[in-house]
Amino acid sequence: MKFVSAAKLKRAQDRVLASRPYARRMLAVLNSLVTRAQAGRDEEAVHPLLSQREEKRVELVVITADKGLCGAFNSNLIKVASQFLARQAQRDVRLSLVGKKGWDYFKRRSFTVRRQYVNFLTKVEFGQAQQVAHALREDFVTGEADAVYLAYNEFKTVMRQEAVVEQLLPIVPLKQIPEGVAMDYLYEQPQRQIFERLVPRHVEVQVYHALLESAAAEHGARMTAMESATKNAEEMMESLTLKMNKIRQAGITKELIEIVSGANALAR
Amino acid sequence: MELPKEIYLEVVTPDRLLYSGSVREVSVPALNGYLGILPGHAPLLAELGVGVLSCTNDGVQHHFYCSGGFVEVLPDRVSVLAHVAERSDEIDVEGARHARDQAEQLLRSKDPQTDFAEAQEDLRQALARLEVASRA
């Protein structure tokens with residue numbers, strides 16, 4: 001099990017690292033676009049996915065694993081998600097669940113589950129992220145949700161995962177002004193059109209990235225869990241073997257004493 | 001003002017970083033045609049179409065196939081965020097030829113069931129792939 005996870009981990013880790021440049025550039029471009037467009041002019045350019053509303057209805061996406069045997073991976077995340085939900089108690093909260101473990105936990109509790117994706121993450125593909133992101137965008141644009149949050153395990157190192165909750169929608173523009181003059185772009189296509197394609201794409205990329213992080217973190221957690229399980233089993237085997245040998249030796253010694261003392265008694 | 005001599009190009013797709021490095025010039029397939037970009041270009045944002053992305057670095061030309069996505073140009077850097085991008089040695093030439101033939105056949109068939117826009121898109125992709133492969 002440990003070796004299976006180790007091999008999968010390597011692949012998942014490579015994919016997370018490979019996807020980071022895109023996610024980073026995307027964010028940089030979007031930020032730059034938002035800042036420049038604001039510096040340039042009008043409110044018209046505000047995309048529906050950027051609109052800030054009072055958060056009455058909140059949607060939380062919980063990304064867990066489909067399988068167990070990976071230490072505190074799932075329970076940690078569920079704990080963090082539950083804490084988040086407790087803070088949102090006076091709001092109308094609904095859930096989207098990716099992964100079987102989260103579904104198993106939340107279906108027994110009184111939450112509105114809008115969607116669940118079980119056995120969905122055997123291999124993370126961009127198409128799957130698109131599917132999830134599309135549903136979330138719908139909810140946000142139609143007003144089903146005023147804010148969307150993502151809860152997932154971030155891959156820190158092989159030994160360490162961190163359960164985080166991040167805001168996905170509305171997109172928060174960073175207040176960081178790009179270096180140089182905040183001059184508006186030349187737009188090859190109408191600004192609106194570019195915005196309309198870029199912003200949804202950004203949401204997809206964020207979801208994709210979260211799925212990849214979670215997948216890598218899961219394999220890391222499983223590998224660590226399996227390693228300590230193997231170690232514990234070995235320790236137990238050692239101590240049991242020692243105990244067995246002691247008992248066996250005690251039995252032999254006892255029999256020998258009996259025979260010897262019996263022989264001594266006869267000789268007398 | 002003296003313009004910089006090189007511009008930093010980065011080509012990324014959702015699952016990898018395909019190319020990064022300083023180049024002399026870049027030609028990008030935007031939605032409405034090719035854009036030639038030299039160092040010191042004004043900030044520009046464009047959508048990508050289907051086509052061949054070329055760049056010149058130390059007199060060596062590199063060609064990539066790319067389709068869909070965005071390109072952001074700043075005076076000192078070009079970021080290509082492509083939906084799909086392939087290096088010339090990664091292109092499946094047989095597959096592309098097959099796709100081209102199939103698309104051409106569909107376009108010729110004049111069948112009312114045919115989705116012409118889609119067939120044309122397929123044809124464009126196949127042709128761009130073949131072009132990149134032929135320039136390798």
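Being a predicted model, the structure only gives us computed values, none of them experimental. Letters go in sequence order (proteins before strands), and every chain restarts at 1.
- Residue B:Thr13 holds its OG1 atom at 9.5 Å from CZ of A:Phe126, rounded to the nearest 0.5 Å.
- To the nearest 0.5 Å, the span separating CD1 on A:Ile194 from CD on B:Glu72 amounts to 11.0 Å.
- Heavy-atom distances place no part of B:Val71 under 4.5 Å from chain A, backbone and side chain included.
- Remark: B:Asp15 CG to A:Tyr208 OH distance equals 4.5 Å, nearest 0.5 Å.
- We find the CG-CG distance between A:Leu30 and B:Leu81 to be 10.5 Å, quoted to the nearest 0.5 Å.
- Counting heavy atoms from C-beta on, the side chains of A:Arg201 and B:Pro14 come closer than 4.5 Å.
- Interface remark: A:Glu204 contributes no atoms to any contact with chain B (heavy atom separation under 4.5 Å).
- Within residues 210-218 of chain A, no residue has a heavy atom under 4.5 Å from a heavy atom of chain B.
- Counting heavy atoms from C-beta outward, A:Pro21 and B:Val12 have side chains that approach closer than 4.5 Å.
- With sequence neighbours left out, A:Arg197 forms a salt bridge (charged side-chain N to carboxylate O under 4.0 Å, His left out) with B:Glu47.
- Of residues 97-105 of chain B, not one residue has a non-hydrogen atom less than 4.5 Å from any non-hydrogen atom of chain A.
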What side-chain donor-acceptor pairs closer than 3.5 Å can you find for residues 20-33 of chain B, not counting sequence neighbours?
none

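- More than 12 heavy atoms of other residues, nucleotides or ligands lie within 6.0 Å of NE2 in B:His83, so this atom counts as buried by the packing criterion.
- A 4.5 Å side-chain heavy-atom check between B:Leu45 and A:Val29 finds at least one atom pair inside the cut-off.
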